[in-house]
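Residue numbering restarts at 1 for every chain, and letters A, B, ... go by the order of the sequence lines.
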Amino acid sequence: MNAELLGIIVMFVATLLLSIPLGRYIAKVYAGDKVWTDAILNPVEKLFFKLSRINPAREMNWKQHLAAMLTINLVWFLWAMFCLLNQSWLPWNPDHNPSQTPDLAFNTAVSFLVNCNLQDYSGETGASYFTQVFALMFLQFTSAATGMAAAAIVFNALRDRTTEKLGNFYNYFLKSITRILVPICIIIAALHAFHGTPMTFKGIDTVTSLQGDTMHVSRGPVAAFVAIKHLGTNGGGFYGTNSAHPLENPDYFTNTVQMIIQILIPFAMVFALGYYLRKKRLAWVFWGVMTIGFLCLVIPTIYAEIHGNPNIAHMGISQPGGNMEGKEVRFGSYASAFWSIATTVISTGSVNAMHDSFMPISGMNMMLGMMVNSFYGGVGVGFLNFFIYVILAVFMGGLMVGRTPEFMGKKIEAREMKIAMIVALLHPFLILAFTAVASHLTAHDANMGWWFADAAGKHNASGWLNNPSYHGFSEMLYQYTSSSANNGSGFEGLADNNPFWNITAGIVLLFSRFLPIIGPIAIAGLMAGKKFIPESSGTLKTDTGTFGILVFAVKVIIAALAFFPALALGPIAEFFSMK
Amino acid sequence: MSVHRRQQRLFEPSLVKEAIGQSIIKLNPRVMFRNPVMFTVEIGTAIMLAVCIWTLTSKTDQGSFSYNFSIFLVLFFTLLFANFAEAIAEARGKAQAASLRKTRKDTPAKKIEILGDIFVNEIKIVPSSQLVKGDVFICETGDIIPTDGEIIEGIATIDESAITGESAPVIRESGGDKSSVTGGTKVLSDKIKVKVTTEPGESFLDKMIALVEGASRQKTPNEIALTILLAAFTLIFIIVCVTLKPFGDYAQTPITIAAFISLFVCLIPTTIGGLLSAIGIAGMDRALRANVIAKSGKAVETAGDVDTLLLDKTGTITIGNRKATNFYPAPNIAIEEMVQASILSSLADETPEGKSIVELGKQSNLDYNTFIVPEILHKINFSAETRSSGVDLANGKKIRKGAYDAIKKMVTDAGNTFPAETGAQVSQIAQNGGTPLVVIENNKVLGVIELQDIIKPGIQERFDRLRKMGVKTVMVTGDNPLTAKFIAEKAGVDDYIAEAKPEDKMNYIRREQALGKLVAMMGDGTNDAPALAQADVGVAMNSGTQAAKEAGNMVDLDNDPTKLIEIVEIGKQLLMTRGTLTTFSIANDVAKYFAIVPALFIISIPTLQGLNIMGLKSPESAILSAVIFNAIIIPLLIPLALKGVAYRPIGASALLRRNLFIYGLGGIILPFIGIKLIDLLVGLFM
């Protein structure tokens, strides 16, 4: 076995081994059981609750939870907008970066608020340290914690009892940060700092290279930023080139660490569900379904990347490293291919290579990962998306065994189906409808006026594509897919920092973030209020391989196939034309 | 019980003719609107018709007229097939109901005209349709009972074969739990006075017919949820197809309207959409075929979810009544003496137990020539208070037989001792599931008769089947706990309620429901009514009282207590048929994508030939094959929709595996084969 392959297998196994105990720990934190961090962190949390006059013991129903979640998110959005629009005069701006334009600020604020981190700007020139720390990094913590708290509410609602009371949102939210995110981030940031990632508030440094050239090297509080960027599956890089940047991701070790911690919580949340509900088998079935989906995407991608580009091969050029265009030599094809799928099935969206330069099949698999958006998925929200498919699978499976469908002892009826279907519909709707608008404008080379101007100042819509034909289509499809999946990775090659892309993507982000959180919480809340039905031998068992296959099939047929015609015109057409 | 089932061919020619007519009438958009999936197909068909006219009248880039017209025709037939499925299900249901209603044709009724206190009430012959609730009529030997009612006076033997198919006459009498008579049945003997209990056109049968006919057919909760699922799928595919237009523009790939509409119709779940209402109606129809009148579709569906089944012991688990199996004389009493006394005490006893004692006595070695039956002076019937019965004979002997504690009291009250050996025998019998009946003569113990319950053959297997379905069975009996336990174990029921009073049933149901379980029960008596109403599925026997019939949500015309088991299966079958056909319909999409998507783009992007994994001949033939497959799969599945997917009690997981394999995997593979074959055929003409 070659070392590169071994490297990614070790990465995957290490993640799994770390995520199981973390899952148990998370379950205990949300259940309010005693954990070893109590001694240090209880006083801290008490202080927060005292200052904010929140009584963490006051239990909320699902509507109150949603009200609390949406309100506090609105406050953060306004705060982020303020920082971004005023960063030029705010402190900690040693490089004198300008304030962002309103449309860019909107896109940036929204995309960090919703755990997407689309980043139509470059961190070196587009954000001050103040913004990076107090707006962006702050949102990276809170958006991750929002997702985790939402999952905790659903966990609570699925317990086998009938109730309206589903715990306290602020309690789940705060503990997600203090008990889970911050402690791990401190360790990860320290590891990065030791490996050369900057952690300073000083401005650009000037270095003279061996050739005698002068280089300007951007610095900043990068190590801290990188830790939460991955742990919270945010993906927004400190630098414009994200984890491909030598200071943001210096070597293979940091690459491995970043890889592990971005999958860590999505794995752990599944196991946390198992511990929380005392249904370990169910957790393994869910994890198994996600893993099979992940492998179906990652294996062809690795295969495509390590075999290089056929067009280059036809020219008689050997490609021992595989398709190395747009990849970092220090990571190689295997780790880059693995990363590209991991970062897209999970909603991280950080990149360590240029996705635009991957083989068409890889590009398609990345998009599929985001289209399904629940093969692991983002922290907390990945499970919520998965939950929707579970509800659909339970409905069909329940009927197939001749019983009114039920999950966790609660009946799934018309109201739950309505909500589940709205959420399931939303994702293809947003991706396809917005890509259709962009395609229409491109096809007719519309004059975009204020909405868009290319570098030469022309307002033609086709100007936002760097590549013609199928690949250009993939670029547009990828942008909205990434937005709707709250992923934030870019295919790049698309001129996206302009009002048209900033605003449309921002709208997609808002819808695709909050409806898929509201939906599952509403379903779970409604289920929690229903009568609990004990399991009998006629009940559909959800902790079996058969049910896992059903969930997988539902995901593939509903989520993936809806995009088949679009993919056929993009990466599939490109794939066949390259042979 | 030999139950005669009305069998009917799946596609009875007369019904097919009616259904074909109906499928055209149902094209009315206002009717189609009820079914969102098929309604969108109708819109697509209309658009295709317009395209056909357009291609005929002017030059277009929409392809040839014949190609467009073929697509239009196939879509039109898709609609007709879906309508036909619903129409044939309705026609079958109606035919079934009509055969029951035939008994309802106008029969003359002897109505009693109340003329006041002074005059003698007069009997007037009126047509049965003029009878209203509260009227009283008389029926004599040979009369057909004109309408449903309750006997208020008299007793009669009645031939109910017209509705139950059971030829043996039944006895109906006023006052008891068997006071109901059904319109269309025939009085064989005696005379009864009957009070009309339903308004004309509102009997259970009328209600059931309306449910089948669709006028008052309401969607059940599961059907609503499924319709939401299907509507949402339709919406997803509307999005997929609409957005394809700008995608095609970008790729400079013109897509014809025919291709758009074909893709759309193939992707939306037309198979299940077209069969959904047929499945529902067929479920009601299957219930009707089992001689069960359901008051709503929901009741049938709920039956599939039942967790707990309350069954009366007598008639359900055991054959009719107990039979005497043994005589055990008391110490120092000759067996002949005891048998003689037993027979004497039972000669006047009309109860089945009494008759069986006489029967058993006759089989013993008793010399009948020396057996003189003295005159019976006084007969004491069994009552719940005394729990004993007996006779006073002309020769001064007073023979009593009855429950152990009741008799023991009589014996000890009279100053006699109850022999310990007999006492031991009594508990021995009870432990073995028998009922001990102590016989005394002038308050002296003669011995004990053992009555045994005969468990119905094959009942254990049925309970086993129910257990595998996840249904818990509960036996309800008036027996003492010891006997009840023995029979419960022997019959294989999961639980029992011994010495049950009507309120015990009620409490048990409430307790189970509090645990979140759905409970089904069967009952006939007025005192069952509250429990029938409380139960989620309450099946009243047709012979039962009006109160019981009103309280339940189903009526069993056969009065067969084991019918509940069948009803549960019908309910499960209904849900399963919906689930499996939905799965099948959605799984079909995979192949259809692979047929149509390459066909859409192949002309302008030849490299996409690689996606044409089925090797279909041309884009036109691929699209046509896909829509043809989509259309003909509907009539092919009609038999399955009408008969229902067979239910097998193999546990939920095994069932899911099985159905997922057949309808899921089959649903993916079958259209690949089907579309390829149709393409080969279509290719011959293109």
- Query: Hey, is NZ on K530(A) packed in by over 12 heavy atoms from elsewhere, all under 6.0 Å?
  - Reply: yes
- Task: Among the options S462(A), A553(A), P565(A), pick out the one with the most heavy-atom pairs lying under 4.5 Å from chain B.
- Result: P565(A)
- Message: Counting heavy-atom pairs under 4.5 Å with chain A, which one of K468(B), Q252(B), R578(B), E301(B) comes out on top?
- Response: K468(B)
- Among I224(B), L244(B), L515(B), who wins on heavy-atom pairs under 4.5 Å with chain A? L515(B)
- Query: What part of L550(A) gets closer than 4.5 Å to chain B, counting heavy atoms only: side chain, backbone, both or neither?
  - Reply: both
- Message: Taking every non-hydrogen pair under 4.5 Å, which of T582(B), D589(B), V590(B) racks up the most with chain A?
- Response: V590(B)
- If we only count heavy atoms from C-beta on, is the N222(B) to P405(A) side-chain gap below 4.5 Å? yes
- Query: In terms of heavy-atom proximity below 4.5 Å to chain B, should T539(A) be classed as side chain, backbone, both, or neither?
  - Reply: backbone
- Query: How long is the gap from CG on L399(A) to NZ on K572(B), to the nearest 0.5 Å?
  - Reply: 11.5 Å
- From the list G545(A), A566(A), A420(A), A414(A), the residue making the most non-hydrogen contacts under 4.5 Å with chain B is A414(A)
- Task: Select one option (side chain, backbone, both, neither) describing which atoms of T435(A) are under 4.5 Å from chain B's heavy atoms.
- Result: both
- Would the number of heavy atoms belonging to other residues, nucleotides or ligands and lying under 6.0 Å from NZ of K279(A) be above 12? no
- Item | Gap separating the CG atom of L229(B) from the NZ atom of K418(A), nearest 0.5 angstrom | 13.5 Å
- Could you look at K411(A) and say if it's the side chain, the backbone, both or neither that has a heavy atom under 4.5 Å from chain B? side chain
- Tell me, out of K531(A), M421(A), R415(A), E406(A), who's got the most heavy-atom pairs with chain B below 4.5 Å. M421(A)
- Task: First locate atom CD1 of I238(B), then atom CZ of F429(A), and finally report the distance between them rounded to the nearest 0.5 Å.
- Result: 11.5 Å
- Message: Which atoms of L477(A) are under 4.5 Å from chain B, going by heavy atoms: the side chain, the backbone, both sets, or neither?
- Response: neither
- Message: Using every non-hydrogen atom in the two residues, find where A225(B) and M417(A) come nearest and quote the distance to one decimal.
- Response: CB-CG, 3.9 Å
- Which atoms of V597(B) approach chain A - backbone, side chain, both or neither, heavy atom under 4.5 Å: side chain
- Message: Quick check on the interface: out of L655(B), D249(B), L656(B), who has the most heavy-atom pairs with chain A under 4.5 Å?
- Response: L656(B)
- Closest approach of V401(A) and Y647(B), non-hydrogen atoms and distance? O-CE1, 4.2 Å
- Note on the structure: Heaviest contributor of heavy-atom pairs below 4.5 Å to chain B, chosen from S469(A), P428(A), G570(A), is S469(A)
- Query: CZ of F672(B): more than 12 outside heavy atoms within 6.0 angstrom?
  - Reply: yes
- Which region of R648(B), side chain (C-beta onward) or backbone (N, CA, C, O), has a non-hydrogen atom less than 4.5 Å from a non-hydrogen atom of chain A, or is it both or neither? neither
- Heavy-atom side-chain contact between F233(B) and I558(A) under 4.5 Å: yes
- Query: Counting N and O atoms only, with roles assigned by atom type, does the side chain of Y593(B) sit under 3.5 Å from a partner on the main chain of L561(A), one being a donor and the other an acceptor?
  - Reply: yes
- Task: Would you check if T546(A) and S653(B) make a side-chain contact, meaning some heavy-atom pair closer than 4.5 Å?
- Result: no
- Query: Of the backbone (N, CA, C, O) and the side chain (C-beta and beyond), which part of A568(A) lies under 4.5 Å from a heavy atom of chain B, both, or neither?
  - Reply: both
- Message: So which atom in L569(A) and which in A251(B) form the shortest heavy-atom distance, rounded to 0.1 Å?
- Response: CD2-CB, 3.8 Å
- Query: Which bit of F601(B) is near chain A, if near means a heavy-atom gap under 4.5 Å: side chain, backbone, both or neither?
  - Reply: side chain
- Message: Is L226(B) in contact with chain A via its backbone, its side chain, both, or neither, using a 4.5 Å heavy-atom distance?
- Response: both
- Query: Between I586(B), L611(B), D307(B), which has the largest tally of heavy atom pairs under 4.5 Å with chain A?
  - Reply: L611(B)
- Rounding to 0.5 Å, atoms CE (M476(A)) and CZ (F247(B)) come to a distance of 8.5 Å
- Out of E535(A), M400(A), H440(A), E416(A), which one racks up the most heavy-atom pairs below 4.5 Å with chain B? M400(A)
- In short, P246(B) meets S439(A) closest at the heavy-atom pair O-CB, 3.8 Å
- Work out which heavy atom in A562(A) is nearest to a heavy atom in I236(B); give both atom names and the distance. CB-CG2, 4.0 Å
- Item | Engaged part of L465(A) at the chain B interface, taking heavy atoms whose separation is under 4.5 Å | side chain
- Could you grab the distance from atom CZ of R657(B) to atom CZ of F547(A), nearest 0.5 Å is fine? 14.5 Å
- Message: Keeping Y250(B) on the side-chain end and F473(A) on the backbone end, is there a donor-acceptor pair under 3.5 Å?
- Response: yes
- What residue, out of L581(B), L263(B), N659(B), V306(B), has the most heavy-atom pairs lying under 4.5 Å from chain A? N659(B)
